[in-house]
Trainee: 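The following block contains the structure, expressed as structure tokens.
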Amino acid sequence: IRIPPNLDRSETQLEAVLPDYLECLLSDAEGHRYALGQQGRIWTDRLGHWSALQIGDQPLHALRPLGEVLFLAGQNGFRGRLDWVSQQSNGWKDGVEEDLYAISGTRDQLWVVGDGGTVLRWDGNRWSRAQETPQANFRTVMALRSAVWVAGEEGAFASFANQRWTEFTLEENVHASFTALGAVNGQAFLTAGEAGLFRVGEEGPRWSDGGDFTRLTQGKGVLYLFGGKKLGVHTGDALKTMELAVQVEEKAAES
């Protein structure tokens, strides 16, 4: 579904109906789009139309397009790399068995996180495992120049800077499992279901009312949030939301 940044309902359009369950929709610098399907399928419109590629048989949870290279991560420590120019793909099997859920960073500073405090770094040549990480099941990561932020289940939230980890403690009455992370104006936003948005800025960590969001994606100077039938645009200072009830008729799906 194509929705304009201003959330104008009159300009919302159904773009495609694909025969799969989709998650983790992203675009690269050239505007090509990618989505994860079931059991190792990747959907993309790089060829001018939506088509699927099969990358192994492991469920995938995260992807990161970087130029002509696509990095992937998923179950049982799977990490893969697909080169669109050579049409070659490869995966790494190096003893990592934890499920992996998120990717962030650049081609020579790529970070992947997952269960059991797993934090992996790709330096352009090889993978290494971060040491002395907080013991939590991480679900999201955001790599910035100043620090790497990670978050996950049961309120896990930490940053890595100057070769050390710093953990943040939530208020006693907040019970959240973080699923997505982004930044606007130097503030970190973590979607946490009904709990709201967790912001880290100059005033320190604090909560703001964000509604029932479970995913977000980074835009230019804004964050786009998703949850249930609600969409949101956050500028760092204000949140605008809209309800979107989508009903695809059978004829439209068949065509």
Side-chain angles (χ1 to χ4, degrees), residues 1-75 78-92 100-108 110 112 122 124 140 142-143 180 182 214-227 229-233 242 244-255:
I1 300 171
R2 179 185 290 271
I3 302 168
N6 62 1
L7 302 184
D8 186 344
R9 189 184 303 273
S10 65
E11 297 182 16
T12 299
Q13 298 178 352
L14 175 64
E15 179 173 321
V17 180
L18 306 178
D20 206 342
Y21 290 95
L22 302 176
E23 61 177 331
C24 192
L25 178 65
L26 295 174
S27 63
D28 60 20
E30 296 181 0
H32 301 131
R33 291 166 296 178
Y34 311 83
L36 293 180
Q38 296 288 294
Q39 301 301 319
R41 280 189 296 275
I42 304 171
W43 291 85
T44 179
D45 66 349
R46 285 184 65 97
L47 300 178
H49 61 276
W50 284 97
S51 59
L53 295 171
Q54 188 72 40
I55 305 295
D57 56 3
Q58 292 281 5
L60 301 174
H61 297 306
L63 59 84
R64 176 71 170 165
L66 295 168
E68 296 298 328
V69 177
L70 183 65
F71 286 89
L72 304 138
Q75 296 285 98
F78 174 80
R79 279 144 291 143
R81 170 175 169 162
L82 173 63
D83 191 308
W84 294 102
V85 175
S86 65
Q87 288 295 298
Q88 293 183 344
S89 63
N90 67 290
W92 289 272
L100 305 174
Y101 288 93
I103 305 175
S104 181
T106 61
R107 188 176 301 195
D108 57 358
L110 199 66
V112 178
W122 169 257
T140 180
M142 180 176 61
T214 57
R215 294 290 183 95
L216 63 79
T217 188
Q218 193 86 42
K220 294 182 179 180
V222 298
L223 292 176
Y224 299 102
L225 301 101
F226 312 85
K229 296 180 180 179
K230 184 182 291 186
L231 305 177
V233 176
M242 71 172 286
L244 181 66
V246 179
Q247 189 171 22
V248 180
E249 296 181 359
E250 185 174 354
K251 292 183 179 179
E254 291 177 352
S255 62

Trainee: To the nearest 0.5 Å, what is the distance between CG (L26) and CG (L63)?
Mentor: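 Interatomic distance, L26 CG to L63 CG, rounded to 0.5 Å: 5.0 Å.
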Trainee: Looking only at non-hydrogen atoms, find the nearest pair between L66 and T106 and report the distance.
Mentor: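 Residues L66 and T106, closest heavy atoms: CD1-C, 3.7 Å.
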Trainee: What residues, two or more places apart in sequence or in another chain, satisfy side chain to side chain contact (heavy atoms under 4.5 Å, CB included) together with P4?
Mentor: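 Counting only residues at least two positions away or on another chain, P4 forms a side chain to side chain contact (heavy atoms under 4.5 Å, CB included) with N6, D8, E11, T12.
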Trainee: Roughly how far, to the nearest 0.5 Å, is the CG atom of L36 from the CG atom of L72?
Mentor: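 CG of L36 is found 7.0 Å from CG of L72.
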Trainee: Roughly how far apart are R2 CZ and E15 CD, rounded to 0.5 Å?
Mentor: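 Rounded to the nearest 0.5 Å, the CZ-CD separation comes out at 5.0 Å.
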Trainee: So, taking the atom named CD1 in I1 and the one named CD in Q13, what distance separates them when rounded to the nearest 0.5 Å?
Mentor: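 If we round to the nearest 0.5 Å, I1:CD1 and Q13:CD are 11.0 Å apart.
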Trainee: Do the side chains of R107 and E68 get close enough for a salt bridge, i.e. N-O under 4.0 angstrom?
Mentor: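 Salt bridge: no.
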Trainee: Looking only at heavy atoms, which two atoms of L7 and L231 are closest? And how far apart?
Mentor: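 Taking every non-hydrogen atom into account, CD1-O, 4.3 Å.
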Trainee: So which atom in L100 and which in A73 form the shortest heavy-atom distance, rounded to 0.1 Å?
Mentor: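 Here L100 and A73 meet closest at CB-CB, 4.0 Å.
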Trainee: Please give me the minimum heavy-atom distance between A62 and C24, naming the atom from each residue.
Mentor: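 Heavy-atom minimum between the residues: CA-SG, 4.2 Å.
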Trainee: Indicate the atoms forming the closest heavy-atom contact of A143 with S104, along with that distance.
Mentor: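 Heavy atoms of A143 and S104 come nearest at N-OG, 2.9 Å.
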Trainee: Quick one: side chain to side chain contact (heavy atoms under 4.5 Å, CB included) partners of Q218, sequence neighbours excluded?
Mentor: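 With neighbours one apart ignored, the set is V184, L223.
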Trainee: So how far is it from I103 CD1 to T140 OG1, rounded to the nearest 0.5 Å?
Mentor: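 The CD1 atom of I103 sits 11.5 Å away from the OG1 atom of T140.
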Trainee: For Y101, give me all partners under ring-ring contact (aromatic ring centres under 6.0 Å, His included), at least two apart in sequence or on another chain.
Mentor: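 ring-ring contact (aromatic ring centres under 6.0 Å, His included) list for Y101, sorted by chain: H61.
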Trainee: Taking side chain to side chain donor-acceptor pair (under 3.5 Å) as the test, write out the residues that go with D45, two or more places apart.
Mentor: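 Scan of D45 (side chain to side chain donor-acceptor pair (under 3.5 Å), adjacent residues dropped) gives R33.
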Trainee: Got a sec, which residues hit ring-ring contact (aromatic ring centres under 6.0 Å, His included) with W50, two or more places apart in sequence or on another chain?
Mentor: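 Once residues adjacent in sequence are excluded, W50 has no partner under the ring-ring contact (aromatic ring centres under 6.0 Å, His included) criterion.
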Trainee: Take the angle between the ring planes of F71 and W92 and call it parallel below 30°, perpendicular above 60°, tilted in between.
Mentor: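 It falls in the parallel class, under 30°.
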Trainee: Quick one: closest heavy-atom pair of Y224 and F226, and the distance?
Mentor: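 Looking at all heavy atoms of both residues, the shortest contact is O-CE1, 3.4 Å.
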Trainee: Not counting sequence neighbours, which residues clear side chain to side chain contact (heavy atoms under 4.5 Å, CB included) with D20? List them please.
Mentor: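 D20: side chain to side chain contact (heavy atoms under 4.5 Å, CB included) contacts with L22, Q38, R41, W43.
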Trainee: Is the Lys NZ or Arg CZ of R79 less than 6.0 Å from the centre of W122's six-membered ring, within 45° of the axis?
Mentor: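 Geometry flag: not set, cation outside 6.0 Å or 45°.
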Trainee: Checking side chain to side chain contact (heavy atoms under 4.5 Å, CB included) for the pair W84/T44: CA distance, chi angles, key distance, verdict?
Mentor: CA-CA 12 Å; W84 294 102; T44 179; 3.9 Å; yes
